[in-house]
Structures are given as structure tokens and as C-alpha cells.
K.L.:
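Quick one: the structure is below, questions incoming.
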Amino acid sequence: MKIAFVGKGGSGKTTLSSLFIRHLAANEAPVVAVDADINQHLGAALGLAEDEAAALPALGAHLPLIKEYLRGSNPRIASADTMIKTTPPGRGSRLLRVTEDNPVYEACAHTVLLDGEPVRLMATGPFTEADLGVACYHSKVGAVELCLNHLVDGPDEYVVVDMTAGSDSFASGMFTRFDVTFLVAEPTRKGVSVYRQYKEYARDFGVALKVVGNKVQGPEDIEFLQDEVGEDLLVTVGHSDWVRAMEKGRPASFELLEATNRFALQSLQDAADDSYAHRDWGRYTEQMVDFHLKNAQSWGNAKTGADLAEQVDPGFVLREGLDAPGAFDGGAGSEEVVSPRPQSPRPAPQPA
């Protein structure tokens, strides 16, 4: 399952995503963790030292390699230079899988051991001095979106993405790439404001949204969140001495995390697992194509000098069951035609 953590800055989004990743690893589930926030804190939250976190390979720095690998032998893509962040896969494209070894993981993933269990960690990378004043953050997450577009994950496999704070997540189509989105909200008016924005923006795209109440101190906080977000409230999390020790650089064994917080994390996993029954690869591919055509028309064609609409393979549906990277076996669902949906003013396309 593909899972996003979103929320306003300071809500505890990164802390909760790191706890969820630790929880999955403790259950011996295969996990790919992605830090897609410009404030690169996920590595440290997973126990990396400051110098180790700073040394994580940046996905954006390996974009040419990523494009060339994913392009494979797709005849609709003339060269890797014509690929943009929304380029969809088609016949001949190479696909990524959670548990495989491939050149993208080799170049961009760092293996983190969490109580002895391995997790692949990838990061967009922070702004560099060359970026300041001339680049937007969305150019950094383009590599993440491209990888998610080519990722085939199955049940009991998890891709957990710590997204950028606030409603900036809607500046690209990446917000539609997930089976479930966990929005971390504090029990305050500011805390639920991002929820309202996210709910409004996501309503036309079938985004499965669940709220995780964080920094909850008592029944009044729970009642406040219930009144503000209703049935979208999945679970609440309170103070954690384990987290406080972890943030001081002295984490205990994860099995010592408070029982109430372990229960909350299991509720997140149950919700993610339940989302699998609603997975619709046809709609997933359709949305992918829709955003690609919008970006092509808005800026991609001009940037690449190519008609990027020609990259769309109208007979291809990304799905489980493709036998090998780049395979197109003509099985169930492969005959579906992908057609663009009506244009929507949200979100505003951003170049990659």
C-alpha cells in the first residue's frame, strides 16, 4: 500500500510517520520510506545521526538515472530528456517493486536498521545553494512522483511518504498517488485548518483521508476533533515518553513504546490494509494520465520540445500481475483505454 502523511508544520507529521514505519518494520513488513518534505527530518526521526541524515542520496540528484531506467524500451518515449515528473508508464517501461533490487534503489536508497529490521529510506534532498532563488520545492519532489507513477506494490507491502507540510502537497498530482492519506492534526483551530483545505481540494479525486489526532491531552481534545472532522477521525495519540527520549537521541527498544500508542499505530496499519479492497488501478492510471496531459500542455511541451501527449499508451493500465519489469501481458484489465478526465482548476501544475 502507498501511504502519505500530511499536516501543518509542527503537527508531528514526521514523528508519526517515523513511528508508523518503525511499527511496520517491527511487524517484519517490507517498507520503502520516502522523505518528500523540504525539511528533511525523517532520517533523524528514524535514528540516523545528523551527518548520516545529511549524507542521504538525493533523489533529485539522480533524476537522469531514474528516467533512463524507468523509460526502458518504451517506444513512446524518445529519450529520457523528454520525461517529466508526470510521465506515465506504458508498454516497455520498467516498473519498480517494493522488495526487488534495482539501479534506482541502489543509487537512491539507504538501508536503515530499526531494531534489526531493514527499511529502505529515500529522500528528495534539501535545497542546495544553487537552488536558492531560482528553484521551487516542487522540482525536488518530481523524482518521487515519477517513481510512484512506476511503482507496483501489493498487499502487505508498504510505501510510506512523509509529504511537505500544509496544502503545498496539492501543487502536483502526487496527492492522488496513495491508497490512504493520514492527516495529522492537533486539537486546535489551526490544527484542523489544513484538514479543511485538504478535504476540499481532494474531494473530486477519490482520496481516502483519515485524520490522526496528535498531542491530545484529554477527553475535551478528543471531543473537539470529533466535532471538527467527524467520521474522518481515525485515532488519537497523546504524550509519549518514548518519543521524548527518541528526540533527545536516546531511543529505547521500540517494543517499549507505550501500549496505547502501539494500539494507535496498529489502527493505522489496519486502515491501510483495509484500503487495499478499494484499490482501483484503472482510476489510478487515469488520474496519472490526466495530470500528465495538464502538465504537458501547461509547461512540459515547451520545456522538452516534444508533444508529451504522445507518451500516453492508451491500452496500458498499471496494475499488479505484470510478470516482469516492462511486461504487458494482455491479461485482465490490460484492454482498458485510459482517457483524460475533464480539466480541473486544482491543483496548479508546477514544472519539474
Side-chain angles (χ1 to χ4, degrees), residues 1 3-27 29 31 33 35 37 39 41-47 114-115 119 158 160-166 169 178-196 198-199 208-275:
M1 273 66 67
I3 300 149
F5 278 81
V6 299
K8 80 173 185 66
S11 64
K13 168 180 64 68
T14 297
T15 298
L16 279 173
S17 62
S18 71
L19 290 176
F20 184 60
I21 291 164
R22 289 177 183 272
H23 170 80
L24 294 173
N27 288 344
V31 183
D35 191 344
D37 193 339
N39 299 308
H41 297 316
L42 184 58
L46 291 175
L114 302 176
D115 286 349
V119 167
Y158 301 88
V160 182
V161 182
D162 182 20
M163 298 279 278
T164 185
S169 304
F178 302 101
D179 294 290
V180 63
T181 295
F182 294 130
L183 189 145
V184 181
E186 300 167 83
T188 64
R189 292 175 64 186
K190 287 184 178 180
V192 299
S193 62
V194 172
Y195 161 77
R196 294 196 184 95
Y198 218 105
K199 186 78 171 180
L209 181 65
K210 298 294 182 182
V211 174
V212 182
N214 193 28
K215 305 179 184 179
V216 170
Q217 297 183 5
E220 290 185 359
D221 286 344
I222 297 175
E223 183 179 354
F224 173 84
L225 289 170
Q226 289 172 334
D227 290 342
E228 294 293 328
V229 309
E231 294 181 354
D232 287 338
L233 181 63
L234 175 65
V235 72
T236 61
V237 179
H239 173 78
S240 170
D241 290 332
W242 191 96
V243 169
R244 180 62 61 87
M246 181 266 292
E247 291 176 340
K248 292 178 178 178
R250 301 192 295 270
S253 172
F254 187 68
E255 65 183 10
L256 298 179
L257 180 71
E258 298 86 357
T260 53
N261 290 327
R262 290 293 296 267
F263 178 80
L265 294 173
Q266 185 59 52
S267 296
L268 298 186
Q269 184 177 0
D270 291 343
D273 291 345
D274 289 345
S275 72

K.L.:
Would you say N214's side chain and S11's backbone share a donor-acceptor pair under 3.5 angstrom?
P.N.:
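Between the backbone of S11 and the side chain of N214 there is a qualifying donor-acceptor contact (under 3.5 Å).
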K.L.:
Can you check whether E228 reaches R189 side chain to side chain, under 4.5 Å on heavy atoms?
P.N.:
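Not touching, per the 4.5 Å side-chain cut-off.
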K.L.:
Looking at S17, is its backbone amide N or carbonyl O close enough to the side chain of D162 to form a donor-acceptor pair, meaning the two atoms are under 3.5 Å apart?
P.N.:
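Such a contact is absent between D162 side chain and S17 backbone.
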K.L.:
In the structure I gave you, are the side-chain heavy atoms of L16 and F5 within less than 4.5 Å of one another anywhere?
P.N.:
yes
K.L.:
For F254 and D115, which heavy atoms make the closest approach, and how far apart are they?
P.N.:
N-OD2, 2.9 Å
K.L.:
Of all heavy-atom pairs between I222 and L233, which one has the smallest distance, and what is that distance?
P.N.:
O-CD2, 4.4 Å
K.L.:
Find out whether K13 and D37 are in side-chain contact, i.e. whether some heavy atom of one side chain is under 4.5 Å from a heavy atom of the other.
P.N.:
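Yes. Closest side-chain heavy atoms under 4.5 Å.
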K.L.:
Who passes side chain to side chain contact (heavy atoms under 4.5 Å, CB included) against A245, sequence neighbours left out?
P.N.:
none
K.L.:
For the atom pair CG (L24) and CD (Q266), what is the distance rounded to the nearest 0.5 Å?
P.N.:
9.0 Å
K.L.:
Can you tell me how far apart CZ (F263) and CG (D270) are? Round to the nearest 0.5 Å.
P.N.:
8.0 Å
K.L.:
Report the C-alpha distance between K210 and L268 in whole Å, list the side-chain angles of each, state the deciding distance to 0.1 Å, and finish with yes or no for side-chain contact (heavy atoms from CB on, under 4.5 Å).
P.N.:
CA-CA 9 Å; K210 298 294 182 182; L268 298 186; over 6 Å; no
K.L.:
Would you say that V237 contacts L19 through its side chain, given a criterion of any heavy-atom pair below 4.5 Å between the two side chains?
P.N.:
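SC-SC contact between V237 and L19 ruled out.
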K.L.:
Identify the heavy atoms of S253 and W242 that sit nearest to each other, and give their distance.
P.N.:
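Smallest heavy-atom distance, with atoms named: O-NE1, 3.1 Å.
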K.L.:
Taking the inter-plane angle between the rings of F20 and Y158 on a 0 to 90° scale, is it parallel (under 30°), tilted (30 to 60°) or perpendicular (over 60°)?
P.N.:
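Rings of F20 and Y158: perpendicular, as their planes differ by over 60°.
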K.L.:
Looking only at non-hydrogen atoms, find the nearest pair between D232 and Y195 and report the distance.
P.N.:
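Closest pair (atom of D232, atom of Y195, distance): OD2-OH, 2.7 Å.
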K.L.:
Show your working on side-chain contact (heavy atoms from CB on, under 4.5 Å) between L42 and I21 and close with a plain yes or no.
P.N.:
CA-CA 10 Å; L42 184 58; I21 291 164; 4.2 Å; yes
K.L.:
Measuring only between side-chain heavy atoms, which start at C-beta, is L183 closer than 4.5 Å to K199?
P.N.:
no
K.L.:
List the residues meeting side chain to side chain contact (heavy atoms under 4.5 Å, CB included) with E220, not counting sequence neighbours, and say none if there are none.
P.N.:
none
K.L.:
Tell me which one of R244, K215, Q217 satisfies side chain to side chain contact (heavy atoms under 4.5 Å, CB included) with H239.
P.N.:
R244
K.L.:
Can you see which heavy atom on A208 is nearest to which on D179, and at what distance?
P.N.:
CB-O, 3.4 Å
K.L.:
Answer yes or no: is there a side-chain heavy-atom contact under 4.5 Å between D221 and T236?
P.N.:
no
K.L.:
Give, for atom CG of N261 and atom NE2 of H23, the distance between the pair rounded to the nearest 0.5 Å.
P.N.:
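Rounded to the nearest 0.5 Å, the CG-NE2 separation comes out at 12.0 Å.
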K.L.:
Heavy atoms only: give me the nearest G43-D35 pair and the separation to one decimal.
P.N.:
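So the minimum-distance heavy-atom pair works out to N-OD2, 4.3 Å.
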K.L.:
Check the pair V194 / V6 against side-chain contact (heavy atoms from CB on, under 4.5 Å), numbers first and verdict last.
P.N.:
CA-CA 9 Å; V194 172; V6 299; 5.8 Å; no
K.L.:
Taking side chain as C-beta onward, heavy atoms only, is R22 less than 4.5 Å from L265?
P.N.:
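R22 does not reach L265 side chain to side chain.
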